[in-house]
There are 2 protein chains.
Amino acid sequence: MLTLTRKTEYAMIAVCHLAHAGHKVVSARDIADAHGVPLPLLMNVLKRLNRTGHVHSVRGAKGGYVLAVPPDQFTLDGLIEAVEGPVHLVRCTNPAKNARRCTLTRPCPLRASVRKVHDRLRDFLGAVTIADLAFDDRPDAGETPKVIA
Amino acid sequence: MLTLTRKTEYAMIAVCHLAHAGHKVVSARDIADAHGVPLPLLMNVLKRLNRTGHVHSVRGAKGGYVLAVPPDQFTLDGLIEAVEGPVHLVRCTNPAKNARRCTLTRPCPLRASVRKVHDRLRDFLGAVTIADLAFDDRPDAGETPKVIA
DNA sequence: TAATATAGCATCTTGGCAGTCCTGTTTCAA
DNA sequence: TTGAAACAGGACTGCCAAGATGCTATATTA
């Protein structure tokens with residue numbers, strides 16, 4: 001548990017594929033074929049990423065997608081937020097009005113410390129970039145994201 | 001959405017309560033009353049934590065629970081694993097036989113780098129202890145867990 | 001104009017979380 | 001000895017979000 005959804009998995013694959021493609025337009029079908037991802041689901045994800053401005057879309061025949069954000073400025077946190085919505089370690093860090101307010105003890109003895117853990121988690125996810133994921137063969141890629149208190 | 005389940009929330013509350021209680025036996029009802037947590041759910045969680053050896057149970061009237069692991073050696077990762085099962089950022093890090101094997105590209109271009117992120121996440125969760133959560137008023141509590149590449 | 005490819009919904013299914021309940025066992029205290 | 005308190009270990013159900021599919025519209029190319 002504490003697992004990313006499949007949509008995010010598909011998004012990671014797609015975005016990394018686009019990162020490798022550079023400025024070339026790549027269709028959803030090409031990405032799906034290249035990685036064995038179900039095309040309709042991949043398209044759902046790419047449509048979302050287009051709406052959030054993380055990729056540009058080119059419609060029509062010979063159309064497809066291009067990364068709209070440089071891979072080294074495209075964070076994992078941003079990707080998750082685009083596809084799943086904002087990360088919230090626990091409900092009480094979610095300010096959305098539909099999120100049931102924490103009815104537990106007031107003042108909640110955990111609130112402050114959990115909040116810190118939550119912030120640290122987001123810092124962590126914000127330090128991981130698509131470039132880290134896509135170009136793992138770089139010297140020490142994946143070792144770069146540091147989270148220091 | 002990369003969110004802890006309520007069971008884990010309840011477990012955090014219970015375990016922190018027990019941490020404050022020291023070696024005193026505290027009943028599930030007392031904890032539930034103290035924090036407004038639904039008793040049956042809290043009991044489910046405590047039963048689990050007892051089976052995993054994180055708390056000791058005392059049966060019978062005047063019975064209850066005592067922390068079985070020192071708070072500063074009781075990690076958030078351990079708590080989550082006890083209540084929800086092991087943390088797996090993506091499915092392909094889950095070796096369980098019932099976990100569908102990743103049928104995506106072989107060799108998966110993301111596997112290595114995602115694995116690193118996953119390991120880093122677990123290191124992070126393993127560095128947060130119940131003591132950090134329960135005794136937030138300690139000097140710089142919550143600031144302690146450092147995750148450095 | 002036909003084929004290709006994205007846009008935007010709408011819909012359906014399913015698995016797991018959340019919650020409830022029941023029965024049994026242990027211990028204390030009257 | 002008996003009743004109450006409290007934990008043990010399940011089974012069971014409802015519900016919601018994730019997961020997946022489908023349809024129609026629009027844009028572009030050849």
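Order of the sequence lines sets the chain letters (A, B, ...), proteins ahead of strands, with each chain counted from 1. From a predicted model like this one, the values you see are computed outputs, not experimental measurements.
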Rounded off to whole Å, could you give me the [atom1]-to-[atom2] distance for the [X] and [N] pair?
| X | N | atom1 | atom2 | answer |
| --- | --- | --- | --- | --- |
| B/L4 | C/dC17 | CG | C1' | 14 Å |
| B/R48 | D/dG10 | CZ | P | 11 Å |
| B/L46 | D/dG9 | CG | C1' | 14 Å |
| A/R91 | D/dA17 | CZ | P | 13 Å |
| A/L49 | C/dG8 | CG | C1' | 15 Å |
| A/I80 | D/dA18 | CD1 | P | 13 Å |
| B/K47 | C/dG19 | NZ | P | 15 Å |
| B/R29 | D/dA4 | CZ | C1' | 11 Å |

Charged N-O contact under 4.0 Å between [X] and [Y]:
| X | Y | answer |
| --- | --- | --- |
| A/R91 | B/E9 | yes |
| A/E84 | A/R48 | no |
| B/D119 | B/R115 | yes |

Given [options], the nucleotide with the shortest approach to the side chain of [X]:
| X | options | answer |
| --- | --- | --- |
| A/S57 | C/dT6, D/dA20, D/dC7 | C/dT6 |
| B/K7 | C/dA5, C/dA18, D/dA8 | C/dA18 |
| B/R51 | D/dG10, C/dT6, C/dA5 | D/dG10 |
| B/T5 | D/dA6, D/dG10, C/dA18 | C/dA18 |

Quick one: is [N] close enough that its OP1 or OP2 comes under 4.0 Å of any side-chain N or O from [X]?
| X | N | result |
| --- | --- | --- |
| B/R6 | C/dG19 | yes |
| B/Y10 | C/dC17 | no |
| B/N50 | D/dA8 | yes |

Is the distance between the ring centroids of B/Y10 and B/H35 under 6.0 Å? no
Assert: residue with more 5' nearest nucleotide on DNA chain D, out of A/L41 and B/L39, is B/L39
Grab the N/O contacts between the protein and nucleotides 10-14 of chain C below 3.5 Å, and write none if there aren't any.
none

Close side-chain approach of A/L76 and B/V117, heavy atoms under 4.5 Å: yes
So, do B/V83 and B/T52 sit near enough that their side-chain heavy atoms are less than 4.5 Å apart? no
Backbone N or O of B/H88 within a donor-acceptor pair of the A/T3 side chain at under 3.5 Å? yes
Measure all distances between protein nitrogen or oxygen atoms and nitrogen or oxygen atoms of nucleotides 28-30 of chain D, and list the pairs falling under 3.5 Å.
unit_1 : atom_1 : unit_2 : atom_2 : d
D/dT28 : O2     : A/A61  : N      : 3.1

Please identify which of these residues, A/V58, A/V55, A/L18, meets the side-chain contact (heavy atoms from CB on, under 4.5 Å) condition with A/V26.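 The passing option is A/L18.
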B/L110 and A/I13: CA distance, side-chain angles, deciding distance, side-chain contact (heavy atoms from CB on, under 4.5 Å) verdict: CA-CA 7 Å; B/L110 295 177; A/I13 292 171; 3.6 Å; yes
Are A/Y65 and A/H56 close enough, and set up right, to give a ring-ring contact (aromatic ring centres under 6.0 Å, His included), and what steps lead you there? CA-CA 6 Å; A/Y65 296 92; A/H56 286 312; over 10 Å; no
